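Take a look at the structure below.
Just the heavy atoms: all of them, side chains too, but no hydrogens, waters or symmetry mates, feed the values below. So you know, we letter chains A, B, ... as the sequences are listed, proteins then strands, and number each from 1. Being a predicted model, the structure only gives us computed values, none of them experimental.
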Protein chains: 2
Amino acid sequence: MATIEDVAKLAGLSRSTVSRVLNNHPYVTDEKKRLVYEAMKQLEYYPNSSAQRLRTQKTDTIAVLVPRLTNPFFPFLIEGLEMIAVKYGFQLLICQTHHDKEKELSFLNLLLTKQVDGLIFTAIENDWATIDSFKTYGPMILCNEYMSEATVPIVRLDQVKGSYLGTRHLIEKGHKEIAYCGGTSSELGIDREQGFRKALAESGLVVNEKWLFRDLYSIECGKTLLRKLVEMDHRPSAIFTGSDEVAAGIIREAKNHKIRIPNELAVIGFDDQPIAELLEPSLTTIRQPTRDMGMKTMELMLAMLANPNMNEARQIIELPIQVISRESV
Amino acid sequence: MATIEDVAKLAGLSRSTVSRVLNNHPYVTDEKKRLVYEAMKQLEYYPNSSAQRLRTQKTDTIAVLVPRLTNPFFPFLIEGLEMIAVKYGFQLLICQTHHDKEKELSFLNLLLTKQVDGLIFTAIENDWATIDSFKTYGPMILCNEYMSEATVPIVRLDQVKGSYLGTRHLIEKGHKEIAYCGGTSSELGIDREQGFRKALAESGLVVNEKWLFRDLYSIECGKTLLRKLVEMDHRPSAIFTGSDEVAAGIIREAKNHKIRIPNELAVIGFDDQPIAELLEPSLTTIRQPTRDMGMKTMELMLAMLANPNMNEARQIIELPIQVISRESV
DNA sequence: GTGAAAGCGCTAACAA
DNA sequence: TTGTTAGCGCTTTCAC
């Protein structure tokens, strides 16, 4: 494979000049430029990225840590991230942690081994103290998930508000006995529960601890959850869920148990994924502006890369969130 | 950041010895190994990937070209690919073409610029002649989608058989007027249509050209398709679709038009994505062993990397495919 | 406006 | 078993 040296020789010029042409530097005569382009074409020359990276100490690549791509939320987020990245000549390295701490750490090493210039977390497995030490090696941003101890910029939604609005929506429809299902491993999950509790408290409703379900995420979890509800002597009239998948599982399994939705059980989801609209009844849910969040995040990342002393600014960017009313409530 | 030189100095050894320890070479005494590890730890040393890649001319990275991650088929395929890749210390570089020829070409350049060692296509945008020239720069495999002119290994499903079985299933349920919806831009799509025609022909049924719909892929497309059916004087009693998304759109929109499924219109999908089971009625579909296909593909890729003269073997690996019977037929 | 030369950080002959 | 040395292919001073 041809190297810059080969091109230089064929063009009768020095490596430096070829490099200048390659990088669009000024002060190269059009004539020499032409010579270089011709030689490059003839030799089918393409610059070796590893050499460029070694020399410039930049990779123009951003690592994006996601739990798993099979959760449709993340492909949409990635679409937003990518739109901006591509526009500025950056590449995404998509890393699936599968909720594994060790894997997350191994991806943090991408920063140390200079495989990426920056890192975007869309979920966090380790505690902040562990992650914090890496921030000297490159900019990091939290996107979607967040931690209050974090000392890096955060792009997020107001989750308290999201679940507050969702729960209010249930209450406005006349529900007084509302179950809750959500995560607790992240601050995001905790905030959602807080929003839920706030809405209930405001209306003078009490939280029934028996109707609190935690750390369920999949369709399968939703099915199991419904079966548990069925076995109860006294059932809630509505359930708030922290994900469209769980809601989908509940709705699916409700069918098997002849429980009518929303009449016997109202269900509200979270995310507004494509399935929300396809379910029968269609799912009322809380829409997250996923693509926008990705775009904002990448814009911030590129700004941080261009302006390193920005990294210490602990800004929090918050995006709007809204209830999409369909048939399940 | 510490370099191998720093480690060598601190350990009182040469760079070579440190490198040997790094790469688990034999012939290093345990004592020196210990010294090296100690120094590495003390300096928080991590090898610079770009330097390693430049030197070894390997990246241990495989590019995976997918149309888009928001189509759930691909995240599942990637899961299979990744399982094997990770096991052997390889990284995936996931590239979304968004069905764009230019983008696909730009990803082929990853091979030329030495950013990846090999390339896996899960869909093809350009014609084979264009792609063919790149195969001198690294192993390539077609996975899922295929082309008969292709001169690289192919891991695929028997699409003719898949749609043949699906159509047979419809016929066995008593349907004689069957519509078809599928792609034509790929051989995969053409083969599917062939399987459809074969099943019809075998049963002495005729293909109604008015009921042939082409190049529809999304949920939205499915909705539009149903609306078209509604306007027809004479409607088919069943429809074969080339994707679960289109099928989902049809089922959703059928509801709006009060068309009962499967009574008035039977629908069969393709893929067996998670939504298939969630739809109401649940979707009869053709299951592709997506994860397995990914695993097989990556195993083959690693074998090709290890054994370069394998690249010319034009083998075709075919995986089984089956009809999953649910309620929509 | 162009070229010579140094060096990014690493590995692998080769020599010892 | 270890060290010396020569690059991998590129960019970027610095000098002209």
* Expressed in angstrom and rounded to an integer, what is the separation of A:I4 atom CD1 from D:dC8 atom P? -> 14 Å

* Asked: Between B:T3 and C:dG9, is there a side-chain N or O to OP1/OP2 distance below 4.0 Å?
  -> no

* Touch check for B:K32, heavy atoms < 4.0 angstrom, all strands: base, sugar-phosphate only, or nothing? -> sugar-phosphate

* Tell me which nucleotide among D:dC10, D:dC14, C:dT11 gets nearest to the side chain of A:A51. => D:dC10

* To do: Examine the base of D:dT4 for any acceptor or donor lying under 3.5 Å from a partner atom in the side chain of B:S16, and report the outcome as yes or no.
  => yes

* **A:Q52 side chain near D:dG9 phosphate (N/O to OP1/OP2, under 4.0 Å)** => no

* Asked: Under 4.0 Å: is that the gap between some side-chain N or O of B:S50 and OP1 or OP2 of C:dC10?
  -> no

* Take atom OH of A:Y27 and atom P of D:dC14, then tell me their distance rounded to the nearest Å. => 17 Å

* Asked: Looking only at side-chain N and O atoms, does A:Y45 come under 4.0 Å of OP1 or OP2 in D:dC10?
  -> yes

* Asked: Between the side-chain atoms of B:R55 and the base atoms of D:dG9, is any donor-acceptor pair under 3.5 Å?
  -> no

* When we call it a touch if two heavy atoms are under 4.0 Å apart, what does A:R15 touch: a base, just sugar-phosphate, or nothing? -> base

* Taking NE2 from B:H25 and P from C:dC10, how many angstroms apart are they, rounded to a whole number? -> 14 Å

* Asked: Looking at side-chain heavy atoms only, is the closest gap between A:T122 and A:V64 below 4.5 Å?
  -> yes

* Asked: For A:P26, which contact category applies under a 4.0 Å heavy-atom criterion: base, sugar-phosphate, or nothing?
  -> nothing

* Starting from P on C:dA12, measure out to CG on B:L22 and report it in whole angstrom. => 11 Å

* Within a reach of under 6.0 Å around NZ of B:K103, are more than 12 heavy atoms found that belong to other residues, nucleotides or ligands? -> yes

* With a non-hydrogen cut-off below 4.0 angstrom, is B:T17 in contact with a base, only sugar-phosphate, or nothing? -> sugar-phosphate

* Which whole-number value in Å describes the distance from B:L54 CG to D:dG9 P? -> 7 Å

* Does B:R53 get its side chain close enough to the base of C:dG9, under 3.5 Å, for a donor-acceptor pair? -> no

* Nearest-angstrom distance from the residue atom CD of B:Q57 to P of D:dG7 -> 15 Å

* Answer whether the closest heavy-atom distance between the side chains of A:I317 and A:P153 falls below 4.5 Å. => no

* Asked: Nearest-Å distance, CG (A:N23) to P (D:dC10)?
  -> 11 Å

* Calculate the interatomic distance between A:K9 atom NZ and D:dC10 atom P; express it in whole Å. => 13 Å

* Any A:D117 side-chain heavy atom under 4.5 Å of A:F90 side chain -> yes

* Asked: Do B:T17 and B:R20 come within less than 4.5 Å of each other through their side chains, counting heavy atoms only?
  -> yes

